[in-house]
Amino acid sequence: MAEKQKIYKPKAISGFPEWLPEERIAEQRWFDHIRKTFESYGFCSIETPSVEEIDVLLAKGEVDKEIYVLERLHKDEESDKESRLALHFDQTVPFARYTAQHFNDLVFPFKRYQMQRVWRGERPQMGRMREFYQCDIDVINVDNLPLSFDAEIASMIYETLEGLNIGRVQLRISNRKILLGLIESMGVTDPVPVTRAVDKLEKIGEEEVQNILIEEGLNADQASQVLALSKIKGGADDIRAIKAENDKMQDGIDELAFVLDNLAHLPTQAAIADLTIVRGLDYYTGTVYETQLLDIPEYEGSVCSGGRYDDLAGQYINKHLPGVGISIGFSRLFDVIRQTHPDKLGIGPKSPAHLLLYTEDKDKAALATKTAQTLRGRGFNVEVYHTVKKWDKHFKYAKSKMIPTICYPEDEQTAKFKDMATGEETIQNISDWNQS
RNA sequence: GCGACUGUAGCUCAGGGGUAGAGCCCUCGAUUGUGGUUCGAGUUGUCGCGGGUUCAAAUCCCGUCAGUCGCCCCA
């Protein structure tokens, strides 16, 4: 006998999720639903390579994302001359590069969706992975992009998420011009620490935010003013009631109120203004979105975020291309639901097969093949059980894979069909049989 | 990158100086008027890795790696 081979013990790589077949079926159902909804609004699909040149990814300047760089195992001197490649950490940057590159072939406003994996070398946690799917939708136009797109995109996203059977979802919308306008009016030069503090309001509480703001150089009055603004939540009227300190702030107020007005057709809690939403350091300049799962208290983070940017592709082309986009954190959403409310995934069969075809008699192999082909031709998924062992084996097999029907061919026209749920057996014509 | 906790069978875990364990799963068989029940048999481990203390370490000590959670950040 041969020596026992060295086994590399298989293990999961943290942050790189993979699913069992029955989970994968549920995941594919989600993808189908999302794709269908996006296309129902006339968005087209594109796919970009997993890699970009590092210079493209870094074109915006400082990028705080942890980027995975690609390297060949057998490097030579030639390799050093090639430009370095890295895995993309989002789909917005590749989309900007794509838009600039194919500018002359695209029709504007360009509306596209993109469902691909992205990679970030961060420490994994619940809802945070290193390889994950995002479903992005963006609209980009030359020079001007109507504000109504900001509402349409939110509306699409609500419809998409609502159809996934994950309980109530809530889009929280703000406009960065409001808070940034206020900060500017106070003469603060670097708004980032202030916005970051505001972003944490719900997590760390008012007092802590007030302290941070004062540490950042605001006086007590100003800090209170920022805090008071940040606490505003509600509808268009609540936003209109805000007193603007300058034109920028007024623009933000008008824009946010307009977007909310255009979302009035949604259920009351589906889309609200929430001025704590500021979206950190990103390129967003106007509308910003986050999305929370109201019925999944175990996870408080946002499962879908995005916003409007004045000019996305300025680093790649000498055109002014404003856009608005939002991204569903697909893997985060799927994994959070999988871990907290697996029932909501509707996980069922471990096989896509409608029928398991079985024959005890080896001589009937040709008949089995023919019957399977006929049924497949009629649109059914048919799995043939190849092993003839103990009689009850194929039952256990069908049951454990949750295949709903077993088919026993009789002759070229007829077969016995056993309904696994009821145990009922009937002899039927294979051209007539239908799933109950 | 920082902090806390955890690493023992495929999975969930017990054992805390003296021969490596349980349940579940899996495989095979028996029973059973088809899948259920019951019974029998069987496979599986560098006790995460390296060093130290000891007559003796899965167990105590040091280091290291990995994982989980929190921070940071974000989908």
Side-chain angles (χ1 to χ4, degrees), chain A residues 4 6-17 20 30 34 62-67 88-93 114-137 157 160-161 169 171-172 192-193 195-197 199-200 203-204 208 212 277-284 288-293 298-307 325-337 339 356 358 360 385 387 389-406 408 416 418-425:
Chain A
K4 200 172 177 185
K6 167 81 179 165
I7 301 274
Y8 289 90
K9 197 174 176 179
K11 59 171 190 219
I13 304 175
S14 175
F16 292 79
L20 291 169
W30 277 31
I34 294 170
E62 46 135 2
V63 174
D64 53 341
K65 308 270 194 308
E66 288 284 349
I67 299 177
H88 57 232
F89 54 82
D90 71 8
Q91 292 177 127
T92 308
V93 171
Q114 208 168 334
M115 311 201 298
Q116 292 183 235
R117 282 183 163 132
V118 305
W119 294 265
R120 294 182 194 173
E122 299 170 38
R123 266 198 111 78
Q125 261 168 52
M126 151 96 119
R128 191 167 83 182
M129 295 149 222
R130 297 203 273 207
E131 175 179 73
F132 57 97
Y133 280 100
Q134 286 188 310
C135 304
D136 279 33
I137 48 173
I157 283 294
T160 306
L161 295 176
V169 295
L171 279 122
R172 300 187 174 176
V192 171
T195 59
R196 194 178 283 160
D199 189 44
K200 286 190 210 161
K203 199 167 183 178
I204 64 177
E208 194 60 31
I212 296 174
I277 307 300
V278 289
R279 305 264 73 223
L281 305 160
D282 259 312
Y283 26 65
Y284 301 119
V288 282
Y289 317 92
E290 286 193 4
T291 312
Q292 279 190 307
L293 304 170
E298 296 91 332
Y299 188 80
E300 292 181 347
S302 172
V303 294
C304 176
S305 313
I326 191 164
S327 174
I328 300 175
F330 183 96
S331 301
R332 162 177 291 183
L333 187 56
F334 188 79
D335 192 39
V336 164
I337 301 296
Q339 289 192 48
L356 179 70
Y358 178 78
E360 214 176 347
Y385 192 81
T387 330
K389 271 195 190 167
K390 277 192 71 179
W391 167 247
D392 64 346
K393 284 289 177 196
H394 74 282
F395 277 105
K396 289 185 175 164
Y397 181 80
K399 197 188 178 192
S400 58
K401 286 183 93 169
M402 292 173 74
I403 299 172
T405 310
I406 301 179
Y408 306 93
K416 183 165 77 179
K418 182 181 181 75
D419 185 317
M420 289 296 283
T422 62
E424 200 179 323
E425 293 179 357

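Per chain, numbering begins at 1; letters A, B, ... match sequence-line order. What you see below is based on every heavy atom in this structure, not just the backbone, and it leaves out hydrogens, waters and symmetry mates.
Looking at heavy atoms from C-beta onward, Val118(A) lies in side-chain contact with Gln91(A) at the 4.5 angstrom threshold.
Residue Glu425(A) is in base contact, counting any heavy-atom pair closer than 4.0 Å across all strands shown. Note on Gly423(A): a base of the nucleic acid sits closer than 4.0 angstrom, heavy atoms only. Using a 4.0 Å heavy-atom criterion, one finds that Met420(A) contacts the bases of the nucleic acid, with or without backbone contacts as well.
Minimum atom distance to the side chain of Arg120(A) is reached by rC74(B), of the listed rC69(B), rC74(B), rG35(B). For Lys418(A), whose side chain is taken as the heavy atoms from C-beta onward, the closest listed nucleotide among rC69(B), rC73(B), rG35(B) is rG35(B). Closest to the side chain of Met129(A), out of rG35(B), rC69(B), rA75(B), is rA75(B). When distances run from any side-chain atom of Ser305(A) to the nucleotides rG67(B), rG70(B), rA75(B), the shortest one goes to rA75(B). Side-chain proximity of Lys399(A) to the nucleotides rC69(B), rG35(B), rA75(B) is greatest for rG35(B).
Spacing between atom CD of Glu122(A) and atom P of rC2(B) amounts to 16 Å, rounded to whole angstrom units. Note: CZ (Phe16(A)) to C1' (rU68(B)) measures 17 Å, nearest angstrom. Taking atom CG on Leu356(A) and atom P on rU34(B), their separation rounds to 19 Å, with Å as the unit. Taking atom CZ of Arg196(A) as the reference point, atom C1' of rC72(B) lies 9 Å away to the nearest angstrom. One interatomic measurement links the two molecules: OH of Tyr299(A) to C1' of rG70(B), which rounds to 14 Å at whole-angstrom precision. Rounded to an integer number of Å, the gap from CZ of Arg123(A) to P of rG67(B) is 8 Å.
Under the stacking criterion of a centre-to-centre distance below 5.5 angstrom and an interplanar angle below 30°, Phe132(A) sits stacked against the six-membered ring of rA75(B).
Of the P atoms belonging to rA41(B) and rA22(B), the separation is 13 Å, rounded to the nearest Å. With both ends at atom P, the span from rU12(B) to rG48(B) equals 15 Å, rounded to whole Å. Going from the P atom of rG67(B) to that of rC55(B) covers 38 Å, rounded to whole Å. Using C1' as the reference atom, rG17(B) and rC60(B) are 8 Å apart when rounded to the nearest Å. Separation of the C1' atoms belonging to rC13(B) and rA58(B) is 15 Å when rounded to the nearest angstrom. Spacing of P atoms, rC71(B) relative to rU38(B), comes out at 47 Å, to the nearest Å.
A salt bridge links Lys418(A) with Glu425(A): the distance from a Lys NZ or Arg NE/NH1/NH2 to an Asp or Glu carboxylate oxygen falls below 4.0 Å.
A parallel orientation is assigned to the rings of Tyr358(A) and His394(A), their planes being inclined by less than 30° (bins at 30° and 60°).
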Expected output check: what is the dot-bracket annotation of RNA chain B, where ( ) and [ ] are pairs inside the strand (brackets for crossing ones), | is paired with another strand, and pairs are Watson-Crick or G-U under 3.5 Å? ((((((((.[[[[.)..(..]]]].(((((.......))))).....[[[[[..)....]]]]])))))))....
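Arg130(A) contributes atom CZ, which lies 14.5 Å from atom OG of Ser331(A) (distance to the nearest 0.5 angstrom).
In terms of phosphate contacts, Ser14(A) brings no side-chain nitrogen or oxygen within less than 4.0 Å of OP1 or OP2 of rA66(B).
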